[in-house]
*Asks:* 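First the structure, then my questions, so here it is.
Please read all numbers here as calculations on a predicted model, not as lab measurements.
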Amino acid sequence: MEKKSIYKYASETGVPMGLYLTLMSGCLLMSVKFQFLLMLLMPLSIGFPFVLWWQMKRILREESSYNKFSSLWLGGIYTVIFGTLICMFLSAIYVVFVEPNFVGLYFTQAIEAVESSPLAGEYEATVELMRNAMEAHILPSGLEFLTTMGWLTCFTGCILSLFIALLMNRGNKSVTRQFPI
């Protein structure tokens, strides 16, 4: 059986990662219609490193020759990148065709939530700044927002992959050292 490249494994593990990230994105994007979905976002965010660990462990389990730190880290990075591409594509379809004014609606809900809070007086300057941004039409578009979130996800995934690869490699003592006699 021919050995698969780390990129092939990462593209395969990127599919479940993409679905997980799409679930997270869906909770955020659909929160303008169903506000309770925002409560799911925090547990899903906490679960992200564990899903990444599971996918990187899958690569290591299926191909033990990728037990080096650099291979594991690269696999994790590409898993997150491929997953983010899937998530960005599906989220962009939603933002373009279903909810093109997502950012404006989100800001409007945020202002309403702050104003209905007992601590509204403490956030008057912030609310005023948000209103000014909406009136000046300087809010990002939905696609600009998604692009920023995609870059943030890739950066976060790269850093998490680094730590996960370090932990996996630290526990892996299968590499033997050879000393000259």
*Asks:* So, do Phe155 and Trp151 have ring centers that fall under 6.0 Å from each other?
*Replies:*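 Centroid distance Phe155-Trp151: not below 6.0 Å, so no.
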
*Asks:* What pair of heavy atoms forms the shortest contact from Met56 to Ala165, and how long is it?
*Replies:*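 Here Met56 and Ala165 meet closest at CE-N, 3.9 Å.
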
*Asks:* Please name the pair of heavy atoms, one in Ser31 and one in Tyr106, separated by the smallest distance, quoted to 0.1 Å.
*Replies:*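 Looks like OG-CE1, 3.7 Å.
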
*Asks:* Check whether any side-chain heavy atom of Val95 lies under 4.5 Å from a side-chain heavy atom of Pro100, and answer yes or no.
*Replies:*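 In short, these two side chains do not touch, never coming nearer than 4.5 Å.
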
*Asks:* Show the numbers, then the answer: is there a side-chain contact (heavy atoms from CB on, under 4.5 Å) between Thr79 and Glu12?
*Replies:* CA-CA 8 Å; Thr79 296; Glu12 291 171 359; over 6 Å; no

*Asks:* Please name the pair of heavy atoms, one in Cys27 and one in Leu44, separated by the smallest distance, quoted to 0.1 Å.
*Replies:*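 So the two residues come closest at SG-CD1, 3.8 Å.
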
*Asks:* So Leu139 and Met134, do their side chains get closer than 4.5 Å, heavy atoms only?
*Replies:*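 They are in contact (side-chain heavy atoms under 4.5 Å apart), so the answer is yes.
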
*Asks:* When you compare the side chain of Lys3 with that of Glu63, does any pair of heavy atoms fall below 4.5 Å?
*Replies:*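 Contact flag for Glu63/Lys3 side chains = yes.
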
*Asks:* Kindly compute the distance separating CG (Asn169) from CH2 (Trp73), expressed to the nearest 0.5 Å.
*Replies:*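 If we round to the nearest 0.5 Å, Asn169:CG and Trp73:CH2 are 12.5 Å apart.
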
*Asks:* Run the side-chain contact (heavy atoms from CB on, under 4.5 Å) test on Met17 and Phe82 for me, step by step, so that the C-alpha distance in whole Å, both residues' side-chain angles and the decisive distance to 0.1 Å come before the verdict.
*Replies:* CA-CA 8 Å; Met17 179 60 72; Phe82 293 141; over 6 Å; no

*Asks:* Does a side-chain heavy-atom distance below 4.5 Å link Met88 with Met149?
*Replies:*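 No, their side chains stay 4.5 Å or more apart.
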
*Asks:* Without swapping roles, check the side chain of Glu122 against the backbone of Leu119 for a donor-acceptor pair under 3.5 Å.
*Replies:*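 Looks like no, no N/O pair under 3.5 Å.
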
*Asks:* Is any side-chain heavy atom of Leu162 closer than 4.5 Å to a side-chain heavy atom of Phe69?
*Replies:*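 Leu162 vs Phe69: side chains touch.
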
*Asks:* What distance do Met24 atom CE and Leu40 atom CG have between them, rounded to the nearest 0.5 Å?
*Replies:*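 If I round to the nearest 0.5 Å, the distance is 11.0 Å.
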
*Asks:* As a quick check of understanding, evaluate side-chain contact (heavy atoms from CB on, under 4.5 Å) for Met168 and Lys57, giving each step before the final call.
*Replies:* CA-CA 8 Å; Met168 284 182 168; Lys57 192 74 169 168; 3.6 Å; yes

*Asks:* Shared ILVMFWY cluster between Phe97 and Val103, side chains joined below 4.5 angstrom?
*Replies:*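 In one cluster with Phe97: Val103, yes.
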
*Asks:* Answer with yes or no whether the side chains of Ser25 and Ser91 bring together a donor and an acceptor at under 3.5 Å.
*Replies:*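 The answer is yes; a qualifying pair exists.
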
*Asks:* If you define the side chain from C-beta out and look only at heavy atoms, does anything of Leu52 sit under 4.5 Å from Ser161?
*Replies:*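 Leu52 vs Ser161: side chains touch.
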
*Asks:* Are Tyr20 and Ile93 connected in the hydrophobic side-chain network, where two residues link if heavy atoms are under 4.5 Å apart?
*Replies:*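 Same hydrophobic cluster.
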
*Asks:* Can you check side-chain contact (heavy atoms from CB on, under 4.5 Å) on Trp54 and Thr13, steps first, answer last?
*Replies:* CA-CA 9 Å; Trp54 179 56; Thr13 57; over 6 Å; no

*Asks:* Supply the atom-to-atom distance Thr153 OG1 to Leu160 CG, rounded to the nearest 0.5 angstrom.
*Replies:*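 Interatomic distance, Thr153 OG1 to Leu160 CG, rounded to 0.5 Å: 10.5 Å.
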
*Asks:* Testing the basics here: between Tyr66 and Ile6, what is the closest heavy-atom pair and its distance to 0.1 Å?
*Replies:*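 Shortest heavy-atom contact: OH-N, 3.2 Å.
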
*Asks:* Do Val15 and Ile86 come close enough that some side-chain heavy atom pair is under 4.5 Å?
*Replies:*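 Contact flag for Val15/Ile86 side chains = yes.
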
*Asks:* Side-chain heavy atoms nearer than 4.5 Å, only ILVMFWY residues, links allowed to pass through others: does that put Phe36 and Val32 together?
*Replies:*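 Yes, same cluster.
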
*Asks:* Does the distance from a Lys or Arg side-chain N to an Asp or Glu carboxylate O, for Glu115 and Arg131, drop under 4.0 Å?
*Replies:*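 Between Arg131 and Glu115 there is a salt bridge, with a charged N closer than 4.0 Å to a carboxylate O.
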
*Asks:* Within this structure, what is the CG-CG distance for the pair Leu37 and Leu23, rounded to the nearest 0.5 Å?
*Replies:*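 Reported to 0.5 Å precision, the distance equals 9.0 Å.
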
*Asks:* Do you know which two heavy atoms are closest between Val80 and Cys154, and how far apart they sit?
*Replies:*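 Residues Val80 and Cys154, closest heavy atoms: CG1-CA, 4.1 Å.
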
*Asks:* Checking Lys8 against Tyr78: charged group under 6.0 Å from the ring centre and within 45 degrees of the axis?
*Replies:*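 No, cation not above the ring by the 6.0 Å, 45° rule.
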
*Asks:* So Leu129 and Tyr123, do their side chains get closer than 4.5 Å, heavy atoms only?
*Replies:*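 The answer is no, as the side chains (C-beta and beyond) never meet within the 4.5 Å cut-off.
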
*Asks:* Supply the atom-to-atom distance Met39 CE to Phe34 CZ, rounded to the nearest 0.5 angstrom.
*Replies:*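 Between Met39 CE and Phe34 CZ, I get 14.0 Å after rounding to 0.5 Å.
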
*Asks:* Return the CD to CG distance between Glu62 and Leu60, rounded to the nearest 0.5 Å.
*Replies:*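 The CG atom of Leu60 is 10.5 Å from CD of Glu62, to the nearest 0.5 Å.
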
